[in-house]
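One structure below.
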There are 2 protein chains.
Amino acid sequence: MSAIPDEVPKLCEACESRHKGMCGALQVEQLAILARIAHKREAKSGAELLAEAEQADVYANVLSGVVKLTKTLSDGRQQIVGLQFAPDFLGRPFRKESHLNAEAATDVVLCTFPTAALERMIQETPELERQLYRQVLNDLDEARDWMVTLGRKTASEKVASFLLLIARNIDPDSDAECASITFDLPLTRADIADFLGLTIETVSRQLTRLRTDKIISIKNNRCITVPNLERLATRAGN
Amino acid sequence: MSAIPDEVPKLCEACESRHKGMCGALQVEQLAILARIAHKREAKSGAELLAEAEQADVYANVLSGVVKLTKTLSDGRQQIVGLQFAPDFLGRPFRKESHLNAEAATDVVLCTFPTAALERMIQETPELERQLYRQVLNDLDEARDWMVTLGRKTASEKVASFLLLIARNIDPDSDAECASITFDLPLTRADIADFLGLTIETVSRQLTRLRTDKIISIKNNRCITVPNLERLATRAGN
DNA sequence: CGCTTCATTGAATAACATCAACATATGTGG
DNA sequence: CCACATATGTTGATGTTATTCAATGAAGCG
């Protein structure tokens with residue numbers, strides 16, 4: 001066995017997980033151990049990740065891009081039940097996955113590791129388990145927030161809420177300020193519709209309404225500019 | 001200090017938490033410690049539980065009854081984002097609560113304990129933390145299932161899904177069988193509407209439609225009989 | 001350039017909400 | 001026990017919102 005390096009692995013140097021994600025709970029030595037079995041994986045937009053067979057074997061951190069978690073009814077109706085951004089964790093220690101699909105919404109880079117190795121590490125490092133626990137609590141909060149959006153908001157408010165969600169994810173700090181912000185939508189209209197429980201036509205109509213109301217401007221169908229976040233927030237309900 | 005009894009505390013004897021809930025992770029001694037600081041609390045239907053001030057101080061297990069977790073928009077629109085049945089755990093270790101209200105949907109009995117004591121016990125008992133982790137994963141699954149219902153199902157399917165949810169909770173085993181089942185709805189029409197993202201009128205109409213279609217029968221507005229769960233399940237979408 | 005995918009727009013329709021009236025149940029004090 | 005009040009639930013008529021169906025437009029790619 002070769003020696004385990006006593007410094008931050010190269011793989012991890014630029015990784016957000018070390019700061020804001022799961023790996024923040026690890027000592028340098030543990031990080032090194034994990035890095036040795038970890039495996040960077042790139043996936044094109046639309047690729048199935050952690051498909052059912054695979055799910056049992058591998059966990060992953062999102063390094064870049066957006067992953068959508070979807071559920072589908074037998075007749076094909078689909079609902080996105082979660083969006084995972086870097087440095088979110090993907091997978092379900094100690095638990096069978098409920099029927100849930102993970103798909104790359106954009107091109108995605110993942111840092112994957114075998115489930116067995118991670119679960120062993122969890123046993124040794126309570127802080128790691130706590131970190132994962134925290135992430136699940138966070139996911140639960142987001143899911144419940146979104147339930148309010150799905151159940152009680154109008155189409156117009158839903159679309160505004162979605163844009164706010166993305167904008168805040170791009171720049172978590174610009175929240176309070178009335179700053180202008182520009183970003184590319186990580187989702188197609190179809191995905192947005194599946195996230196909001198709407199049809200693509202309704203999403204499109206609400207977006208053009210926001211545009212004619214000067215709340216946003218749209219370039220190339222994907223690139224959104226919000227000149228004033230406060231005004232967008234007004235449209236989001238809450 | 002008096003000696004800690006080496007047997008299951010009286011408070012815990014009939015408690016489901018010991019079998020299916022959080023307390024299953026505890027040794028008899030730990031159970032005794034927890035039981036000493038635990039405190040049985042009864043609340044009438046409609047009572048606010050864990051109101052914001054209180055939330056920081058106390059965790060609880062649901063011993064009987066149903067607790068609804070709600071979120072409210074500024075203009076009063078409300079959404080139930082979770083229902084907690086016995087022996088579910090109520091509270092959020094290591095986390096500020098997002099704005100969320102807990103209210104007794106029926107008369108409720110809780111087993112409460114100070115947060116500090118439980119968190120200390122969590123540090124000592126990894127299995128306890130894991131148990132809580134599992135419950136949160138479970139809550140997350142339920143939330144995501146419900147997101148599909150809220151976003152993609154029709155009013156008719158929503159109401160059927162709700163009845164199924166309650167029926168399965170009353171009797172988790174009768175699922176596969178085509179057995180008949182009778183139960184009291186733990187929620188008013190208004191609560192059901194808030195849970196399903198509908199109005200009370202729509203809920204009422206869909207219930208009468210299910211009744212005229214002989215899928216269910218209703219006595220006293222609250223008592224539901226489902227002669228054939230399979231047939232109800234057909235109406236639930238999925 | 002034609003093909004395909006993705007997005008927008010319009011008109012007709014269906015689903016659910018709203019408004020309003022009435023019904024049933026529960027509880028209270030006389 | 002009744003008269004009354006309140007809370008809860010049902011039903012009908014009408015209105016609004018979002019969906020559906022269909023056509024068109026724009027962007028990316030061989």
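Residue numbering restarts at 1 for every chain, and letters A, B, ... go by the order of the sequence lines.
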Between atom [atom1] in [X] and atom [atom2] in [N], what is the gap in whole Å?
X: A:Ile218; N: D:dA26; atom1: CD1; atom2: P; result: 15 Å
X: B:Leu207; N: D:dT8; atom1: CG; atom2: C1'; result: 13 Å
X: B:Lys153; N: C:dA15; atom1: NZ; atom2: P; result: 17 Å
X: B:Leu198; N: C:dT18; atom1: CG; atom2: P; result: 11 Å
X: A:Arg152; N: D:dT17; atom1: CZ; atom2: P; result: 16 Å
X: A:Arg205; N: D:dT20; atom1: CZ; atom2: P; result: 12 Å
X: A:Gln206; N: C:dT8; atom1: CD; atom2: P; result: 12 Å
X: B:Arg209; N: D:dT10; atom1: CZ; atom2: P; result: 16 Å

**C:dA15 phosphate, OP1 or OP2, under 4.0 Å from B:Thr202 side-chain N/O** =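 No, B:Thr202 has no side-chain N/O under 4.0 Å of OP1/OP2 on C:dA15.
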**Prompt:** Picking from A:Val81, A:Asp139, A:Asp141, A:Leu137, what satisfies side chain to side chain contact (heavy atoms under 4.5 Å, CB included) with B:Leu140?
**Reply:** A:Asp139
**Item:** Derivation of the side-chain contact (heavy atoms from CB on, under 4.5 Å) call for A:Leu207 and A:Arg189
**Value:** CA-CA 10 Å; A:Leu207 281 172; A:Arg189 299 292 186 273; 3.4 Å; yes
Nearest-neighbour nucleotide for the [X] side chain, [options] considered:
X: A:Thr188; options: C:dA7, C:dG10, D:dT10; value: C:dA7
X: B:Arg222; options: D:dG9, D:dT20, C:dA17; value: D:dG9
X: B:Asn221; options: C:dA7, D:dG9, C:dT9; value: D:dG9

**Asked** When the nearest nucleotide of DNA chain D is assigned to A:Glu201 and to A:Thr154 on a heavy-atom basis, which residue is associated with the more 5' position?
**Response** A:Thr154
**Distance-only donor-acceptor check, side chains A:Asn101 and A:Lys68, under 3.5 Å** =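 Checked: A:Asn101/A:Lys68 side chains show no N/O donor-acceptor pair below 3.5 Å.
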**Asked** Hey, does B:Gly46 reach any base, or is it just sugar-phosphate, or nothing, if we go heavy atoms under 4.0 Å?
**Response**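 Nothing: the residue B:Gly46, judged by heavy atoms under 4.0 Å, touches no strand.
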**Message:** I'd like to know if the side chain of B:Arg152 and the backbone of A:Arg77 have a donor-acceptor N/O pair within less than 3.5 Å.
**Reply:**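 No.
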**Asked** Should the pair B:Phe162 and B:Phe195 be assigned to parallel (<30°), tilted (30 to 60°) or perpendicular (>60°) ring geometry?
**Response**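 Ring orientation of B:Phe162 relative to B:Phe195: perpendicular.
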